[in-house]
Asks: 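Here it is: the structure, laid out below.
The model shown is predicted, which means the values in this text are computed figures rather than measured ones. Starting from 1, each residue takes its place in the sequence as its number.
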Amino acid sequence: MEPEVVHAELVLPTHLSFKRIQMYEKYPKGQSRGRHWKHLKQIIQAENYQNYPPNEPNYVNIESPPSMHPCKRICDITGYEAPYYDPRTSLRYANADIFKLIRSLPNEYVQRYLALRNAAVVLK
């Protein structure tokens with residue numbers, strides 16, 4: 001006895017998961033391509049900021065109260081966060097290598113670093 005031969009058309013899905021989708025297939029002509037960024041002018045018009053109270057900070061009124069958190073201490077040499085402070089030169093530093101460099105600096109260079117931080121003090 002011979003098995004019956006059945007002729008069937010193979011039905012494939014329109015998108016195979018292993019195949020990359022081309023951009024023209026994903027977004028046909030005339031459709032948007034995802035998120036659109038708004039300019040500040042568009043945000044201001046959409047949010048109607050003139051109706052907000054003047055004391056509340058927003059995009060138009062950037063003036064806000066000072067921060068309640070203390071400011072970060074930055075190393076005067078490298079610009080990294082500085083957990084250490086040299087009492088002799090009053091410079092802030094990030095690690096031991098910078099500390100060695102600070103101690104070897106001439107007094108005039110130390111004064112310049114302090115002037116950059118607006119903490120110029122006459123050292124003896």
Side-chain angles (χ1 to χ4, degrees):
M1 207 193 248
E2 291 184 13
E4 292 183 18
V5 177
V6 178
H7 292 285
E9 290 188 27
L10 186 62
V11 179
L12 292 175
T14 58
H15 167 11
L16 301 174
S17 61
F18 62 87
K19 186 178 177 186
R20 275 195 192 192
I21 300 175
Q22 298 295 325
M23 288 302 282
Y24 61 85
E25 294 173 359
K26 191 173 180 183
Y27 300 107
K29 197 171 188 178
Q31 285 188 353
S32 66
R33 291 190 174 193
R35 180 181 288 183
H36 289 282
W37 298 100
K38 292 183 177 180
H39 299 288
L40 179 61
K41 191 173 184 179
Q42 293 170 338
I43 293 172
I44 290 171
Q45 288 175 349
E47 294 294 325
N48 212 0
Y49 282 112
Q50 56 268 27
N51 296 336
Y52 283 94
N55 299 336
E56 184 178 330
N58 54 37
Y59 283 111
V60 178
N61 179 12
I62 297 178
E63 297 174 12
S64 61
S67 175
M68 299 302 288
H69 299 288
C71 61
K72 285 187 177 181
R73 290 182 168 85
I74 306 295
C75 175
D76 291 314
I77 308 297
T78 61
Y80 295 129
E81 206 166 329
Y84 311 110
Y85 170 80
D86 180 20
R88 191 167 107 195
T89 60
S90 63
L91 288 175
R92 299 177 185 142
Y93 60 95
N95 55 32
D97 295 332
I98 304 300
F99 178 70
K100 289 177 189 173
L101 178 84
I102 286 175
R103 287 295 172 108
S104 68
L105 286 175
N107 192 18
E108 62 185 62
Y109 288 176
V110 171
Q111 290 296 323
R112 289 181 188 170
Y113 278 117
L114 289 172
L116 285 174
R117 198 177 73 201
N118 290 333
V121 178
V122 177
L123 298 176
K124 295 179 182 178

Asks: Please enumerate all residues that pass side chain to side chain contact (heavy atoms under 4.5 Å, CB included) together with Gln42, with sequence neighbours excluded.
Replies: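 Gln42 satisfies side chain to side chain contact (heavy atoms under 4.5 Å, CB included) with Lys38, His39 only.
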Asks: If you compare all heavy atoms of Leu114 against all heavy atoms of Thr89, which two are closest, and at what distance to 0.1 Å?
Replies: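 Closest approach of Leu114 to Thr89, heavy atoms only: CD1-O, 3.6 Å.
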Asks: List the residues meeting side chain to side chain contact (heavy atoms under 4.5 Å, CB included) with Pro106, not counting sequence neighbours, and say none if there are none.
Replies: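 Side chain to side chain contact (heavy atoms under 4.5 Å, CB included) list for Pro106, sorted by chain: Glu108, Tyr109.
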Asks: Side chain to side chain contact (heavy atoms under 4.5 Å, CB included) with Tyr80: which residues, sequence neighbours excluded?
Replies: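 Applying side chain to side chain contact (heavy atoms under 4.5 Å, CB included) to Tyr80 gives Thr78, Ala94.
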Asks: Considering residues at least two apart in sequence or located in another chain, which fulfil the side-chain hydrogen bond (donor to acceptor under 3.5 Å, both in side chains) criterion with Arg103?
Replies: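 Residues passing side-chain hydrogen bond (donor to acceptor under 3.5 Å, both in side chains) with Arg103: Asp86.
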Asks: Compare every heavy atom of Leu91 with every heavy atom of Tyr113, then report the nearest pair and how far apart it is.
Replies: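 Result for this residue pair: CB-CD2, 3.7 Å.
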Asks: What pairs of residues pass the salt bridge (Lys or Arg N to Asp or Glu O under 4.0 Å) test when at least one of them lies in residues 90-101, not counting sequence neighbours?
Replies: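 The answer is none; no pair qualifies.
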Asks: Report whether Leu101 and Val110 are members of the same hydrophobic cluster (ILVMFWY, side-chain heavy atoms less than 4.5 Å apart, transitive linking).
Replies: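 Yes, same cluster.
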Asks: Set out, in order, the CA-CA distance, both residues' side-chain angles and the distance that settles side chain to side chain contact (heavy atoms under 4.5 Å, CB included) for Asp76 and Leu116, then state yes or no.
Replies: CA-CA 9 Å; Asp76 291 314; Leu116 285 174; over 6 Å; no
Asks: Quick one: list whatever passes ring-ring contact (aromatic ring centres under 6.0 Å, His included) with Tyr84, sequence neighbours left out.
Replies: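 Partners of Tyr84 under the ring-ring contact (aromatic ring centres under 6.0 Å, His included) test: Tyr93.
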